[in-house]
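Data block below; observations after.
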Number of protein chains: 2
Amino acid sequence: MPTTLATERRVTITDIAAACGVSRATVSLVLRDSPLVRDETRSRVQAELARQNYVYHRGAANLRRRASNAVALVLNDLSNPFFAEFAGGADAVLAEAGYVMLLGSTGESPERQQAVLASMIEHDPAAIILSPAEHSSHERLRQVLARVPTLVFNRAIGDGGAGHDWDFLALDNRHGARIATEHLIALGHRAIAFFGGHRDSSSCCERRAGYRDALAAAGLVADPHWLVECAPTRLEAASRTHALFARDPAPTAAVCYNDAVALGLLAGLAACGRRAGADFGVVGFDDIPEASVATPPLTTVATNPRERGMQAARLVLERLQGKGGPPRSTVAPARLVVRASSLGSPGQSQGKP
Amino acid sequence: MPTTLATERRVTITDIAAACGVSRATVSLVLRDSPLVRDETRSRVQAELARQNYVYHRGAANLRRRASNAVALVLNDLSNPFFAEFAGGADAVLAEAGYVMLLGSTGESPERQQAVLASMIEHDPAAIILSPAEHSSHERLRQVLARVPTLVFNRAIGDGGAGHDWDFLALDNRHGARIATEHLIALGHRAIAFFGGHRDSSSCCERRAGYRDALAAAGLVADPHWLVECAPTRLEAASRTHALFARDPAPTAAVCYNDAVALGLLAGLAACGRRAGADFGVVGFDDIPEASVATPPLTTVATNPRERGMQAARLVLERLQGKGGPPRSTVAPARLVVRASSLGSPGQSQGKP
DNA sequence: CTGAAAGCGCTTACAG
DNA sequence: CTGAAAGCGCTTACAG
């Protein structure tokens, strides 16, 4: 029994109006719940709407009203649980407020980002939430984002973010990395590495700054060899683990750029016979779901991506209500979650100066 | 320096036409790359489009053409990595084909599902991909989905799915559970539980059927006490672990409804002093990212959610090209990924009959 | 309280 | 090769 697909003509307010013997204007008023319509008329129209299974065409209404109730979310990568949670949180708030979510992902490519944004914008979103790809060009983004209220999330745009044209929701990278580092110092570590990330990414810079803050406050100074870059993936991190121990003095613990790197480091340590949490202290960043089930469970800095998504959506909604006003920056707090991976005792290692 | 928001009037084809001294029709033809336009005219128009930073209003065009280039994706829960990966895969294929993705989530609530679908449909998507909430009503879905080509993913709708009105993409639950069970049998297990899920969900039924198939083929019969229900979450599973050992004969291994349940079981086993992989064999279902980093690494049935998302999107695109034809069902293959959690030796346990 | 009319930004026959 | 006109489905002053 073949299904009937979208072949039949659409039911419009004209059909309803004709069936009820009223004008299209009246039907429209009923749809928008206007008090101008007499009760008896309203009921008749509503009954007919239901009978014909009428579906409101919001696109047509939005065109006429020059409004939009879509918000576009453009992310780097949905398969990253951090962004998936973020999207889930944003969706919950937006749906609650009656908005629909357009979703796109850039795969961390500035070119795809331009294409995706251009495509989104043709659909006339009321606002855009953008977690920018690394190496995004401020100029090219300005071009395509002109006219659409935008909230940038997670990292500042290319050239530093001074003179930002957009609202900005940042993680407290600097403070988060600082408390992570302080935690390792409190455990007795003195030789602490910063592992992973690329130093040209703003979040990596900020986290490194927090790391240095903590060291400086404790009167420690970082050996340059303790700053090890690598792509923020588990695999890369595992294969770069050896770089931490290439020279003396080797570190006894590491603050990692994020959890993916930290999980890779856990694997890398195991592969070279070191026990994370016993021989070597590890702290991650993000608190992704895998962190708590890793071996050993990963101490990390929680950024609560779902909360961030909700917060981003709320900031956007405020902007849409209030209009106007200069761009605002908001910094979301970070919190340390202590688990087994950081309970190493530095004395067992040779890393002490 | 306050940003200029979407306050200025929009640039339309009328503006471009006026600036070039041509008609709006000509501008439209240029936009759609029609060969009807003379080269010289085309260049002039294109230059003006760029100069004024013109943005195509796809909503208006779609209204006029009675077309749509949006596809709606309605999922249970984005923070479930299975669905996040699925969405990522679908997005990649849809974006490639020039479609934009509307995303909504239902949180497994049939009421929210109705509301979300209704809201989506008002935006006139070309098609819908729906991973239905449990206990969805076939009738209510029919009502709201009338007229929109729909692909149902992951589970059949409420009353069994006979006389399905929609395309359907299923995981091979039955075969997947069967190979999982056969694997445990091959390792020497004879007392094998099926742990987790609710028996009124179709995927749970199918997986249990595959489990029974394997037992029957090996001449084994399941003790009814080995069928333990629980919500498909890690926490629930951990706290229900004791139910497996409440009566003799206790099982020596378990096929789990999914990875979340299996991870909870790993934790539950550890909490009651049993070593998964040594004292007790565990197999999951899904191969979520956490599976490979669990302790011990989780043997599981891979369903490749990203691939499924891409497949779902392709099926939808085919339907949109081809139109017509009866609804089709597709079953995606499942594959066993062997890791440490299933290497238990049943002889160490008391569970043998 | 209700209707006639104009218009949102675009496309598409139809003439010329 | 280009333009005038009608129309997609809706909303909103404006009369009455």
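Below, chain A is the first sequence line, B the second, and so on; all start at residue 1.
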D/dT11 P sits how many Å from A/I16 CD1, rounded?
-> 13 Å

In whole angstroms, the gap separating C1' of C/dT12 from CG of B/D33 amounts to 17 Å

Short side-chain N/O contact from A/R65 to OP1 or OP2 of D/dT12, under 4.0 Å = yes

When we call it a touch if two heavy atoms are under 4.0 Å apart, what does B/R32 touch: a base, just sugar-phosphate, or nothing?
-> sugar-phosphate

Side-chain N,O (A/S28) to OP1/OP2 (D/dT11) below 4.0 Å = yes

Toward the 5' end of DNA chain C, by each residue's nearest nucleotide, B/H57 or A/R64 = A/R64

Taking atom C1' of D/dT2 as reference, at what distance in whole Å does atom CZ of B/R24 sit?
-> 14 Å

What is the nucleic acid contact for B/A25, judged by heavy atoms within less than 4.0 Å: base, sugar-phosphate only, or nothing?
-> base

Salt bridge (charged side-chain N to carboxylate O under 4.0 Å, His left out) between A/R140 and A/E111, intermediate numbers included | CA-CA 10 Å; A/R140 297 184 66 203; A/E111 277 66 44; 3.7 Å; yes

Reference residue B/S131; test side-chain hydrogen bond (donor to acceptor under 3.5 Å, both in side chains); the match among B/N80, B/D77, B/N76, B/T106 = B/N76

Between B/S136 and B/Q113, a side-chain donor and acceptor under 3.5 Å = yes

How is B/T12 classified with respect to the nucleic acid when contacts are heavy atoms under 4.0 Å: base, sugar-phosphate, or nothing?
-> sugar-phosphate

Nearest whole angstrom, please: distance from the C1' of C/dT11 to the CZ of B/R58.
-> 13 Å

Parallel, tilted or perpendicular: which fits the ring planes of A/F86 and A/F153, with parallel below 30° and perpendicular above 60°?
-> parallel

Determine the contact category for A/T14: base if any of its heavy atoms lies under 4.0 Å from a base atom, sugar-phosphate if only primed atoms, P, OP1 or OP2 are that close, otherwise nothing.
-> nothing

Please work out if B/T26 contacts a base, only the sugar-phosphate, or nothing of the nucleic acid, heavy-atom cut-off 4.0 Å.
-> sugar-phosphate

Length of the line joining A/L36:CG and D/dC14:P, which is rounded to integer Å | 15 Å

Take atom CG of A/L29 and atom C1' of D/dT12, then tell me their distance rounded to the nearest Å.
-> 9 Å

Pairing partner of D/dA13, by Watson-Crick or G-U wobble and under 3.5 Å for both distances, is none

Any donor and acceptor pair, going by atom type alone, linking the side chain of B/D167 with main-chain N or O of B/S329 inside 3.5 Å?
-> no

Can you tell which of A/R10, A/R51, A/R9 makes a salt bridge (charged side-chain N to carboxylate O under 4.0 Å, His left out) with A/D15?
-> A/R9

Along DNA chain D (nearest heavy atom to each residue), the more 5'-positioned of B/A61 and B/R44 | B/R44

What is the distance from NE2 of A/H123 to P of C/dC10, rounded to the nearest Å?
-> 13 Å

Any side-chain N or O of A/R38 less than 4.0 Å from the OP1 or OP2 oxygen of C/dT2?
-> yes

Pair partner, D/dA4 [Watson-Crick or wobble, under 3.5 Å] | none

Starting from P on C/dG9, measure out to CD on B/Q52 and report it in whole angstrom.
-> 14 Å

Looking only at C/dT12, D/dC10, D/dG9, the nucleotide nearest the A/Y56 side chain is D/dC10

